[in-house]
Amino acid sequence: MDKIVIFDTTLRDGEQAPGASLNKEEKVEIARQLVSLGVDVIEAGFPVSSGGDFEAVKSVAGAVKGAAICGLARAVKKDIDAAYQALAKARHARIHIFLATSKIHMRYKLNKAKDEILRLSIDAVKYARNLFDDIEFSPEDASRTEREFLFSVLRGVIDAGAKTVNIPDTVGYSEPQEYGDLIAAIKESVPNINKAVISVHCHNDLGLAVANSLSALKNGARQVECTINGIGERAGNASLEEIVMGIRTRPDIFRDFTFRINTSEIYKTSRLVSKLTGFVVAPNKAIVGTNAFRHEAGIHQDGILKKRITYEIIRPEDVGFSETGLVLGKHSGRHAFKERLKSLGLILTEAQREKAFKYFKNLADKKKHIFDEDLLAIIEDEVKVSAKVWQLDDLIILSGIKIKPKASVSLKRKGRVIKADSGGDGPVDACYKAIDKITGIKGKLLDYSIQSVTAGKDAQGEVSIKVKLKDKVVSARAASTDIVEASAKAYINAINKFLLNPDFANTKSSRRPDQLNLFEI
Ligand code: KIV
Ligand code: ZN
């Protein structure tokens, strides 16, 4: 059997997507879920890029067992040392060193010639060998690199000690046949290639990231780098769930390929990443979109009822979609509640369960039927949230067609309640202005969307927002049966995220690698 190494970079390349920033607690929570999902390597961040990212990688390395933990570094000692320190507590640590090799990058970004790039790559790997057993090297923009030069860099870094060589399609420029051919050519032309695993890392600028990754696997790559929900720079990275289900659904094509992924954890992981990054999953997104297994057309429904395989190539339960049933109501007791949480695979401490039960009872007073999705929203929004600086205490809204909307908001901080009133263009605007008055931070709303958590007029509305706070873009979301309350809570969540992130609060430096000074090397 051919084991495919699943390298998840949701916490590094995924988090590089503008507005997707995660704090260290959130990174640890996602990393734990990635272990339950069964990924082999978790790229937890880019330690040198900021104090916050360093701490986040360190926390993941210290807290998460069951996968190799990887840190990114440029081909410079300072970065490699930072990765070493951040990963010190990992049971299995990997360093991922990158340096651009394409003509365009060498000339315009690095202003360096080929021989210097080759030397720097080899020196960096040799230096890392003193600190790490497991070294991965990426010639950035590999797919646009001259082949002969790419082969010589790969040969050099493998000789220096790299165990994995990653071939990034950094700008998502490749086409599947071409990219597969490149992998086959590497296998053919790099003399020491059998001493390393070939990895692929594809971006989705032309919507081909998954197709390119699968083509590479067919041509000899044995590690694939991907993110949950395909999040990442620009149009994102190759999506983990699509690659994994692509392989699993077509054993006739991907013969003998195996991986450790427990596919029934896919949906849960997708929801968690969506919730913590604030990136809503499109309903038609393959594998994890809410419509991915819904059949609307009469002919399709008829076919499904006769035999599911007429229109269904993946069983929803195989990726962890549970049939949405009526679960609980106002009269459900603690026992039924606990059992339902258990069947949803939600592991809570006793204190968290009590808290969740209180929220559930509150919700059941407002809405008759409590579905699985409602429970998940309670757990995600109220119970498993990291520390809160500000909390919504009360909210009164006056709104109508013929009056100017007004909001009166009370927020709690360290036990003290502070109140402010404001008018606005609409109830949400008035409410946000009142919150700005209280917190003293003026946010600029960049994006706002609302989705119902379940069907029904009494459904909870889940508000997802992107807010610019000072010069940072923060995503957040919250749910409630009252959509103005959900809007207020989402905004407060964004402010709390901003205040609790040391990079946001204390430094002006960006955490994104492309904004670091790359000319240092
Ligand atoms: O896309 C890319 O080239 C990267 C490298 C750092 C591997 O993310
Ligand atoms: Zn990338």
Side-chain angles (χ1 to χ4, degrees), residues 5-18 20 41-49 53 57 70-76 79-80 82-83 94-106 108-110 117 120-121 124-125 128 134-145 150 153-154 157 162-174 179 182-183 186 196-210 212-213 216 221 223-240 243 510-518 521:
V5 177
I6 305 290
F7 177 115
D8 181 278
T9 183
T10 306
L11 302 181
R12 199 278 297 171
D13 221 349
E15 203 230 8
Q16 270 171 234
V41 185
I42 295 172
E43 189 167 44
F46 187 8
V48 85
S49 67
D53 220 29
V57 175
C70 178
L72 185 70
R74 291 168 301 174
V76 285
D79 287 32
I80 298 169
R94 173 183 291 197
I95 186 159
H96 178 187
I97 302 170
F98 74 101
L99 183 58
T101 50
S102 68
K103 258 190 182 164
I104 301 173
H105 279 233
M106 289 191 297
Y108 297 110
K109 192 178 83 175
L110 302 171
I117 293 291
L120 286 167
S121 307
V125 174
D134 190 354
I135 301 171
E136 171 169 335
F137 183 85
S138 284
E140 192 191 3
D141 206 16
S143 55
R144 292 195 299 171
T145 297
L150 179 63
V153 171
L154 296 177
V157 295
K163 288 189 177 157
T164 302
V165 284
N166 184 39
I167 312 300
D169 183 27
T170 302
V171 290
Y173 183 71
S174 290
Y179 191 61
L182 174 62
I183 303 302
I186 290 171
V197 173
I198 303 178
S199 167
V200 287
H201 176 114
C202 298
H203 280 270
N204 207 27
D205 299 66
L206 293 173
L208 292 171
V210 171
N212 284 334
S213 304
Q223 172 176 289
V224 61
E225 303 197 350
C226 41
T227 61
I228 301 297
N229 301 335
I231 63 167
E233 285 271 7
R234 308 178 309 276
N237 288 58
S239 123
L240 181 148
I243 292 172
S510 166
R511 322 163 64 237
R512 298 182 56 202
D514 57 338
Q515 289 169 1
L516 288 170
N517 181 7
L518 283 156
I521 42 174

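Ligands are counted one by one from 1 in listed order, and the atoms in each one are counted from 1 as well. These numbers come from a predicted model, not from an experiment.
When side chains are defined from C-beta on, Val224 counts as touching Ile6, because their heavy atoms get closer than 4.5 Å. Considering only heavy atoms from C-beta on, Leu154 stays 4.5 Å or farther from Ile198 through its side chain. Looking at Asp8 and Leu240, their side chains come closer than 4.5 Å, going by heavy atoms from C-beta outward.
For atom 6 (C) of ligand 1, the closest non-hydrogen atom of the protein is Arg12 NH2, 3.6 Å. The protein heavy atom nearest to atom 3 (O) of ligand 1 is Thr170 OG1, 2.6 Å.
For the Zn ion (ligand 2), the count of nearby protein N/O/S atoms, taking only those under 2.8 Å, is 3.
Residue His203 has at least one heavy-atom neighbour below 4.0 Å for each of these atoms of ligand 1: 1 (O). Annotation for ligand 1: atoms under 4.0 Å from non-hydrogen atoms of His96 are 7 (C). Those atoms of ligand 1 with a heavy atom of Glu140 less than 4.0 angstrom away are 3 (O).
Every residue two or more places apart in sequence or in another chain that forms a salt bridge (Lys or Arg N to Asp or Glu O under 4.0 Å) with Glu136 is listed here: Arg94. Shown here are the side chain to side chain contact (heavy atoms under 4.5 Å, CB included) partners of Leu206, two or more places apart in sequence or in another chain: Leu208. Residues meeting the side-chain hydrogen bond (donor to acceptor under 3.5 Å, both in side chains) test with Asp169, sequence neighbours left out: Ser143, Ser174.
Distances between N or O atoms of Ser138 and those of ligand 1 include no value under 3.5 Å. Looking at ligand 1, you won't find any N or O of Glu225 less than 3.5 Å from one of its N or O atoms. Remark: ligand 1 and His201 share an N or O pair separated by less than 3.5 Å (distance only, no angle test).
Thr145 contributes no side-chain N or O that, together with a main-chain N or O of Leu150, makes up a donor-acceptor pair within less than 3.5 Å. Remark: side-chain polar atoms of Thr10 are not paired, donor with acceptor, to backbone N or O of Gly14 under 3.5 angstrom.
Taking CG of Asp13 as the reference point, atom CD of Glu225 lies at 8.5 Å (rounded to 0.5 Å). For the atom pair OG (Ser199) and CZ (Phe7), the distance works out to 7.0 Å, reported to the nearest 0.5 Å.
Contacts of His105 with ligand 1, taken as heavy-atom pairs under 4.0 Å, are absent altogether.
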Open item on the list: Please evaluate residues Thr170 and Asp141 with respect to the criterion side-chain hydrogen bond (donor to acceptor under 3.5 Å, both in side chains), reporting the C-alpha separation (whole Å), side-chain torsions for both, the decisive distance (0.1 Å), and the verdict.
Closed with: CA-CA 5 Å; Thr170 302; Asp141 206 16; 4.6 Å; no
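In this structure, Gln16 does not count as a contact residue of ligand 1, since none of its heavy atoms falls inside 4.0 Å of the ligand.
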